[in-house]
> 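A single structure is presented below for examination.
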Amino acid sequence: MSQHINRRDFVRYSVLTALGLQFLPFQGLKAAASDRVRIAHIGLGGMGLAHMNWFANLPEAEIVALCDVDEEHAGEALSQLKKIHPDTKAQIYTDFRKVLERQDIDAVTIATPDHWHAQIAILAFQAGKDVYGEKPLSYSLREGQLMLAAQKSNNRVFQLGTQIHAGDNYHRVAELIQSGELGKIKTVRLWKTGEPPLIEKLNYQTPPPNLNWDMWLGPAPYSEYAPEKCHFTYRYFMEYSGGVFQDFWCHIADVVWMSIAPTGLKSISAKGEKSEGVGDTPKWIDVDFKFKKLKIHWTSTPPPVQGADKMGIGAYFEGTKGNLICDYSTIAIHMNGQTLTDIPEIAKSIPRSPGHQQNFLDAVKSRQQPESNLEYARGMTLPMHLALISYKQEKSLKWDAKKELFLKDGGANELLFRPYREKWNLIGA
């Protein structure tokens with residue numbers, strides 16, 4: 001017979017990595033049925049399987065549905081779930097709308113390609129479901145606005161899948177920056193190295209029988225099926241994503257928004273080069289953002305600052321009294337001619353996470369928004385959308401942060417939203 005465990009006991013027994021990415025299985029531990037959150041997973045590729053495994057190992061979660069437009073993905077997910085819970089009664093679906101019709105589901109996770117994130121989340125909110133959504137938040141800026149409005153009007157909980165947000169390192173960076181020991185932060189430099197893979201050609205063919213290609217495309221422009229455009233490598237085509245930049249922006253920009261919460265964005269200037277081959281996302285992209293009293297620079301190569309050359313991804317905070325460089329798990333502080341890994345005198349003032357996925361479950365039960373909530377995630381994601389528009393337009397752009405519109409640039413404003421294919425405009429946008 002399974003031993004029951006309440007939330008207080010669970011937090012005591014849980015073992016998390018510093019990144020909040022892995023859990024030890026809680027064999028024999030199971031929350032009472034009345035205390036469990038019933039979850040459906042929508043999108044079961046690499047990240048979708050990770051979602052399922054994370055939640056399957058949390059005693060307070062019960063996985064009741066698995067959904068993917070690719071039947072093989074759904075079948076593989078069910079096989080993996082049975083290894084964790086041999087007695088699972090989870091059902092398989094290929095149409096997420098059937099999942100949302102179920103009244104017994106409390107929450108869904110979304111790990112579809114980027115161009116589906118917003119509509120599924122909005123429809124889930126309207127169906128009374130809470131949402132754990134994979135990054136990026138949405139394909140377009142306007143979608144983020146629609147998501148926030150739907151979430152608030154339906155009083156739902158949302159968490160963005162930036163698992164690194166739960167780690168101690170980002171919390172500590174925020175405490176150090178907010179302490180004022182480095183003085184006023186005037187400039188932040190962000191970077192992520194790495195180019196898109198070379199995709200030499202598109203091999204157009206009949207979609208495999210296990211894949212509903214028309215639904216995979218959904219709101220995106222119609223295209224004949226090519227395996228290079230589907231599943232993982234979709235992210236290197238602008239129809240569905242924004243490449244390396246869109247994939248990693250929120251992971252490292254997150255520490256800036258946690259630490260400073262930039263406001264008053266005024267201008268965006270991006271330049272870059274299209275990737276080689278048939279993929280059309282940036283091979284590299286450099287962006288200059290001007291906020292009120294703050295400048296943020298993004299580059300595809302490490303900036304010429306101490307320690308950056310050893311980091312494939314990182315953030316460098318330039319203060320009037322000192323500098324701080326960090327990545328997912330390390331911190332180095334440069335001040336007064338010294339290099340420090342911490343300033344112990346600065347107290348831990350920001351509550352630590354019980355783990356990213358546990359934070360979501362706690363929020364579902366308490367009805368309080370989690371750390372990576374939608375309003376926070378939208379503000380943090382917004383500059384990424386604007387940078388890609390500046391890149392596409394090949395010019396600098398002025399921004400009205402209150403109206404969330406470009407100044408005197410109708411062409412750029414048209415790119416704040418991409419109209420959906422009529423058949424797949426499920427929210428009347």
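In this chain, numbering begins with 1 at the start of the sequence shown.
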> Mark yes or no for whether D70, through its side chain, and L211, through its backbone, hold a donor-acceptor pair below 3.5 Å.
no

> Closer than 4.0 angstrom, basic N to acidic O: yes or no for E60 and R36?
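No, this pair does not count.
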
> What are the two closest non-hydrogen atoms of M258 and A174, and how far apart are they?
O-CB, 3.9 Å

> Taking all heavy atoms of N169 and all of D327, pick out the closest pair and write down the distance.
ND2-O, 3.1 Å

> So does S140 get a backbone contact from the side chain of E143, meaning a donor-acceptor N/O pair under 3.5 Å?
yes

> If you look only at pairs with a residue in residues 144-158, which of them pass as a side-chain hydrogen bond (donor to acceptor under 3.5 Å, both in side chains), with sequence neighbours excluded?
D130-R156, R142-Q145, Q145-E404

> Can you check whether R38's main-chain N or O pairs, donor with acceptor, with D106's side chain at less than 3.5 Å?
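It does hold such a pair.
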
> Examine distances only and state if a side-chain atom of T320 and a backbone atom of K184 form a donor-acceptor pair shorter than 3.5 Å.
yes

> Answer yes or no: is there a donor N or O on one side and an acceptor on the other, between the side chain of Q159 and the main chain of H356, under 3.5 Å?
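At least one qualifying donor-acceptor pair exists.
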
> Any carboxylate oxygen within less than 4.0 angstrom of a Lys/Arg side-chain nitrogen, looking at D214 and R421?
yes

> Check R378 with E375, please: is the shortest side-chain N to carboxylate O separation under 4.0 Å?
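So E375 does not pair with R378 through a salt bridge.
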
> Check this for me, if you would: do K266 and D400 make a salt bridge, where the nitrogen-to-carboxylate-oxygen distance has to be below 4.0 angstrom?
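Salt bridge absent between K266 and D400.
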
> Atom OH in Y93, atom CD in E101: separation rounded to 0.5 Å?
9.0 Å

> Please check if the side chain of S396 supplies one atom and the backbone of S269 the other of a donor-acceptor pair under 3.5 Å.
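Checking the backbone N and O of S269 against the side chain of S396, no donor-acceptor pair under 3.5 Å is found.
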
> Between L397 and L386, does a side chain to side chain contact (heavy atoms under 4.5 Å, CB included) hold up when you go through it step by step?
CA-CA 9 Å; L397 299 167; L386 304 185; over 6 Å; no

> CD of E371 to CG of D254: how many Å apart, nearest 0.5 Å?
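Separation between the atoms: 9.0 Å.
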
> If only atom types and distance count, is the side chain of N413 paired as donor or acceptor with the main-chain N or O of F406 below 3.5 Å?
yes

> Using the side chain to side chain contact (heavy atoms under 4.5 Å, CB included) criterion, which residues pair with D280? Sequence neighbours excluded.
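Per chain and number, D280 pairs via side chain to side chain contact (heavy atoms under 4.5 Å, CB included) with F237, M238, E239, K274.
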
> Walk me through it: do Q358 and L58 pass the test side chain to side chain contact (heavy atoms under 4.5 Å, CB included)?
CA-CA 8 Å; Q358 183 64 37; L58 293 176; 3.9 Å; yes

> Using salt bridge (charged side-chain N to carboxylate O under 4.0 Å, His left out), reason through K321 and E181 one step at a time and then give a plain yes or no.
CA-CA 7 Å; K321 296 180 181 179; E181 285 293 317; over 6 Å; no

> Can you pull out every side-chain hydrogen bond (donor to acceptor under 3.5 Å, both in side chains) where at least one residue sits in residues 288-317? Sequence neighbours excluded, please.
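Only D288-H297, Y316-N323 qualify under side-chain hydrogen bond (donor to acceptor under 3.5 Å, both in side chains).
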
> Salt bridge between E175 and K348, side-chain N to carboxylate O under 4.0 Å?
no

> For A253, which residues count as a side chain to side chain contact (heavy atoms under 4.5 Å, CB included) partner, sequence neighbours excluded?
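If we apply the side chain to side chain contact (heavy atoms under 4.5 Å, CB included) test to A253, skipping adjacent residues, the hits are L190, W249, W257, M380.
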
> So does K392 have more than 12 non-hydrogen atoms from other groups sitting under 6.0 Å from NZ?
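Buried by this count: over 12 neighbours within 6.0 Å.
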
> Would a 4.5 Å heavy-atom cut-off, applied to side chains only, mark Y240 and S223 as touching?
yes

> Would a line drawn from the ring center of H231 to the ring center of H73 be shorter than 6.0 Å?
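Ring centroids of H231 and H73 are less than 6.0 Å from each other.
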
> Please check if the side chain of N373 supplies one atom and the backbone of Q369 the other of a donor-acceptor pair under 3.5 Å.
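Between the backbone of Q369 and the side chain of N373 there is no qualifying donor-acceptor contact (under 3.5 Å).
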
> Can you pull the side-chain hydrogen bond (donor to acceptor under 3.5 Å, both in side chains) pairs that have at least one residue in residues 186-203, sequence neighbours excluded?
R189-E318, N203-E228

> Run the side chain to side chain contact (heavy atoms under 4.5 Å, CB included) test against S241 and tell me which residues pass, sequence neighbours left out.
D114, Y234, R235, Q246

> Would D168 and R352 pass as an ion pair if we require N to O under 4.0 Å?
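R352 and D168: salt-bridged.
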
> Taking Q126 for its side chain and I427 for its backbone only, find out whether a donor-acceptor pair lies under 3.5 Å.
no

> Is the side chain of H115 donor-acceptor paired with the backbone N or O of W216 at a distance under 3.5 Å, no angle test?
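Side chain of H115 to backbone of W216, a donor-acceptor pair under 3.5 Å: yes, one is there.
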
> Taking all non-hydrogen atoms of both residues into account, name the closest pair between P262 and I296 and its distance.
CG-CD1, 4.1 Å

> Indicate, with yes or no, if the rings of H51 and Y132 have centres closer together than 6.0 Å.
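Yes, the ring centres sit under 6.0 Å apart.
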
